[in-house]
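Worksheet: the structure to be examined is printed underneath.
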Amino acid sequence: MADPSMICALLQPVCSFVNEAGVPAATARGVSSFACIKRNLRDLTKAMEDLQAVEKTVQGQVALETNNLNECHPQVSLWLTRVLHVLVDPIVQEADQLFQPSCLCSSSLSLRKRYRLGKRVAEMLEDVDRLIREGKQFDTFASKRLPDSVEERPQTKTFGIEPVLKDLGKYCDSTIVSIIGVCGPGGVGKTTLLNTFNNELKASGRDYQVVIMIEVSNSRTLNKVAIQSTVTDRLGLPWDDRQTEEARARFLMKALRRKKFVILLDDVWNKFQLEDVGIPTPDSESKSKVILTSRYAEVCYQMGAQQSLIKMEYLEKEAALELFRSNLSTQAIAAIDSSGPNNAVKEHADAIFQSCGGLPLALKVIASAVAGLTTPSEWSLAMQAAKHDIKDIDGIPEMFHKLKYSYDKLTQTQQQCFLYCTLFPEYGSISKEQLVEYWMAEELIPQDPNRGHRIINRLLSACLLESCGSDSKVKMHHIIHHLGLSLAVQQKIVVKAGMNLEKAPPHREWRTARRISLMYNDIRDLGISPECKDLVTLLVQNNPNLDKLSPTFFQSMYSLKVLDLSHTRITALPLCSTLAKLKFLNLSHTLIERLPEELWMLKKLRHLDLSVTKALKETLDNCSKLYKLRVLNLFRSNYGIRDVNDLNIDSLRELEFLGITIYAEDVLKKLTNTHPLAKSTQRLSLKHCEQMQLIQISDFTHMVQLRELYVESCLDLIQLIADPDKGKASCLQILTLAKLPSLQTIHVGSSPHHFRNLLEIKISHCHKLRDITWVLKLDALEKLSICHCNELEQVVQETINKVDNRRGGIEHSIVQRSGIINGFSEEQEIHCMVEDAYNEHVKGYQNKTENERIKGVHHVDFPKLRAMVLTDLPKLTTICNPREFPCLEIIRVERCPRLTALPLGQMSDCPKLKQICGSYDWWKKLEWNGKETIENKYFIPIKDED
């Protein structure tokens, strides 16, 4: 038998001859795989190691996305499955067996096995190489989840509510009951009941199309906008700030009438009309349900639950004790259960437990407060704090003696921060960032935002604050809010938030106050001169009709540190020289025309917000002398920098956040040219920049924190270029282009480019734009809004109609139809277009080479687009050719008379589509390529306004 190594040596020249002699490819591959099996096997082993490394990277990216509640992208999932099949293939072990000496000596049988195995090794090597290439090209690893019909609510272990759950289920299954009421005292577990029932609906198999949980907590003022926002979000509808509450309510009514729904309204204080917020009153025909909870039986009756009212009572002793003990530590339970004589800990614990009277919230809060106590003296102090018996309590206020123990365990700083939260309306959420800014300004905490967020976490842990579904916001339970109010009186805190006040509080309430909250009211005039030398915080925001302050309004406010007048109609700020201690001033969204000349005297001011002050004429000279400013926000203000010499705020050495409006191109160049302020700029508005014809995003490289760019009324602007990003990825997330009559072209370079992280684009009144084809390159784009662009004919101009087998043919086609080529050299632009087109269309050819793999096999345009809004586009005829829209949920079209087709093929290409909004006339005229591919259930009618 010949030596195997000699056989391989003899076959090598044969392989070379086959490769050079023009032998058919299939024959050549077969001979090569037979002769070079060992080399191929070594390459395969290495390739599989590389594939495992790529798989690990992809799995890591998928894990990050799934942690954010996204789903693994179908293409990535399929790739991972194929990788698994390859990695478990036993081919390497089979090859090892073949090359055992005993197998090599089996003459012809070994040669046949060698041929078959060699062919398999070569084929698998090709498969592994392809999988490696595909894995490295993924740029999207997950997609947004479709909203579930039932959104799971946070839920803890329940105690003693099973009978009430059973009654609620019976009413829900009844064909004669449409509105169900649940009443009971605050803290008895009504919210827990709804959360549990919501989650049971998800598992029960009931055929409701959507279940919506709404935390009403409307107190004295119904927050219609918050309710409408929740319904809009759960239905996946677009939110339009321009709509009135009444118009939005009508729109939501139409959407909900098309569905079989369950609406869960938690904590209703006063009667209101469901239709006023957009909820149709259900009836037996619709089979929908509204379930509401309230402290008051009469509210349930007034809302329509006369025949279906469930009353929640305090917990029975056994369930109450189980709830109480579930919130104690192991050490505390051991001390209570100790069998020693005269167990004082057990006596004190029993007294505390009995004082809670079976009220679940009190049981939870008090038990959490004493959870770590072990010694008799500690339990004795806790018992003294809870000495009043609450079983005879009628309502909430009497609970405060029990709940105050949690407050007493806070540090003095934490207590003050907690009481600050009571300044906000109890029905609303509180921005963490805003809260921390207030605390720092009042010097409750040092100038350290992290310290503030740690205190928020402490209050959350103590059940004195609650999360509200957003990482940026918190809320206060209404019972805890009332506890805070009872304590605030002792701290000289006056809270009048959300009480529909039309006049300022009387002078006596100002005289001794340290903090006053008048936010969310209807005060029209503060023509008073209050005596309030101890006042530290004054919050007057969101009084939309307030337009007058007395000229001497601030004359005695020597101690004021926090002043918020945002979202009012004031046109001037009174004399403020007395505000020497002021650190926080918010005048955003006001009609103020100029700041007082003595503003520069406010030397301690650290936070000045003048954003969206559309009438402001003067301010910057004052600002340049406010050396302590950490936040200066002039974003979208009427006042901006008009001359390069006006850019005189270099002295603001402590500035961390800058929002700015610029009126001249030379000012922009100075700011972007490594100017010290560039690194602080997070919001930039360019307005009325005369003779500025070009904006190149790479010029903003030094604005490393820039997140929002608003370009408005730059009449000479012709081009905007988002060139390739060769450095750090741009942070830009929101782009608005408004009132740009000369804008013709917007160019986005090859990836990575400066628009790679754009989430939202708004384009309006740009009349020379005929298309915005460049949006195809924005893989992160989620929202696209275009309105009032009179010459826009296509959203995407398709440049390729068919595939040319020859690369030169494709290049010729693009050159012929590419239109205007600006921004880059013609050669660069054509090259990018050729690469895009070629790699998109030749992916189906089996003879694709290594140099032709740039964009991947299955590239999808608009991979993350969720909402598309097209309004007042008289010449628009085409959005784009039909394609996949894997995440698209909403299409809204208004007053686009020539648009008669949507770029939707089969619904499998648009799996998350929920709504197509437009007029009846427009919907009837839509063409579907000869067949109805989109069902009427997706259509939501809207009325075109004249």
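Basis for what follows: all heavy atoms, side chains included, without hydrogens, waters or symmetry-related copies.
- For the pair D207/K260, a side-chain contact is recorded, criterion being any heavy-atom separation below 4.5 Å from C-beta on.
- One finds the CD1 atom of I916 at 9.5 Å from the CD1 atom of I890 (value rounded to the nearest 0.5 Å).
- Shown here for L328 and F324, the closest heavy-atom pair between the two residues is CG-O, 3.6 Å.
- Taking 4.5 Å as the limit, some side-chain heavy atom of R234 sits within range of a side-chain heavy atom of V210.
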Evaluate the criterion side chain to side chain contact (heavy atoms under 4.5 Å, CB included) for residue pair L865 and C887; output intermediate values, then yes/no.
CA-CA 6 Å; L865 187 66; C887 295; over 6 Å; no
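- Under the 3.5 Å distance criterion, the side-chain polar atoms of D167 are left unmatched by any main-chain donor or acceptor of L165.
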Step-by-step side chain to side chain contact (heavy atoms under 4.5 Å, CB included) determination, F862 to E782:
CA-CA 8 Å; F862 302 115; E782 295 182 0; over 6 Å; no
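- Looking only at distances, no side-chain donor or acceptor of Q209 sits under 3.5 Å from a matching main-chain atom of F261.
- Minimum heavy-atom separation, S288 to P282: O-CB, 3.3 Å.
- Taking CG of D233 as the start and CH2 of W239 as the end, the distance is 10.0 Å to the nearest 0.5 Å.
- Residue D522 is tested with N543, N542, N545 for a side chain to side chain donor-acceptor pair (under 3.5 Å); the sole match is N545.
- Electrostatic pairing of R153 and E151 does not count as a salt bridge here, judged by no charged N lying under 4.0 Å from a carboxylate O.
- For the residue pair E275 and T281, a side-chain donor N or O sits within less than 3.5 Å of a side-chain acceptor on the partner.
- A side chain to side chain contact (heavy atoms under 4.5 Å, CB included) with K190 is found for one member of T293, I310, N195 and no other, namely T293.
- Taking OG of S308 as the start and OH of Y171 as the end, the distance is 6.0 Å to the nearest 0.5 Å.
- A side chain to side chain donor-acceptor pair (under 3.5 Å) with T191 is found for one member of T196, D266, D267 and no other, namely D266.
- Put simply, the side chain of P863 does not reach to within 4.5 Å of the side chain of F885, judged on heavy atoms.
- Residues C172 and Y208 meet the side-chain proximity criterion, which asks for heavy atoms closer than 4.5 Å.
- The closest side-chain heavy-atom distance from T192 to P360 is not below 4.5 Å.
- The aromatic rings of W923 and F939 lie parallel to each other, their planes meeting at an angle below 30°, with 60° marking the opposite boundary.
- Looking at N327, its side chain does come within 3.5 Å of a backbone N or O of L323 through a donor-acceptor pair.
- Atoms CG and CE, on N198 and M213 in that order, are 6.5 Å from each other to the nearest 0.5 Å.
- Residues L252 and V277 come closest through the heavy atom pair CD1-O, 3.9 Å.
- Remark: side-chain polar atoms of N521 are paired, donor with acceptor, to backbone N or O of M499 under 3.5 angstrom.
- Expressed to the nearest 0.5 Å, how far CG of L194 lies from CD1 of I291 amounts to 7.0 Å.
- Both tests pass for R892 against the ring of F251: distance under 6.0 Å to the centre and angle within 45° of the axis.
- L873 and P897 get closest at one heavy-atom pair: O-CD, 4.2 Å.
- A donor-acceptor pair under 3.5 Å is formed between the side chain of T230 and the backbone N or O of A226.
- With a 6.0 Å radius and a threshold of 12 heavy atoms from other residues, nucleotides or ligands, F197 has its CZ atom above the threshold.
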What verdict does the salt bridge (charged side-chain N to carboxylate O under 4.0 Å, His left out) test give for E313 and K311, after you've listed the backbone C-alpha separation in whole Å, the side-chain angles of each residue and the deciding distance to 0.1 Å?
CA-CA 6 Å; E313 307 290 347; K311 292 186 178 180; over 6 Å; no
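- In terms of modelled atom types and a separation under 3.5 Å, the side chain of K289 and the main chain of V177 share a donor-acceptor contact.
- Side chain of H73 to backbone of V62: no donor-acceptor contact under 3.5 angstrom is found.
- Between I352 and I366, some side-chain heavy-atom pair lies under the 4.5 Å cut-off.
- Distance check: E889 CD to M868 CE gives 13.0 Å after rounding to the nearest 0.5 Å.
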Let's go through S149 and V211 carefully: what are the C-alpha distance in whole Å and the side-chain angles of both, what is the deciding distance for side chain to side chain contact (heavy atoms under 4.5 Å, CB included) to 0.1 Å, and is it a yes or a no?
CA-CA 6 Å; S149 59; V211 177; over 6 Å; no
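- Cation-pi check for R895 over W922 is not met; the charged atom does not lie both under 6.0 angstrom from the ring centroid and within 45 degrees of its normal.
- A 4.5 Å side-chain heavy-atom check between E215 and L265 finds every atom pair outside the cut-off.
- Residues L459 and N457 fail the side-chain proximity criterion, which asks for heavy atoms closer than 4.5 Å.
- One N or O on the side chain of R248 and one on the backbone of D240 form a donor-acceptor pair closer than 3.5 Å.
- Under the 4.0 Å criterion applied to side-chain N and carboxylate O atoms, E246 and K224 are not assigned as salt-bridge partners.
- Taking a 6.0 Å sphere around CD of Q307, one finds it holds 12 or fewer heavy atoms contributed by other residues, nucleotides or ligands.
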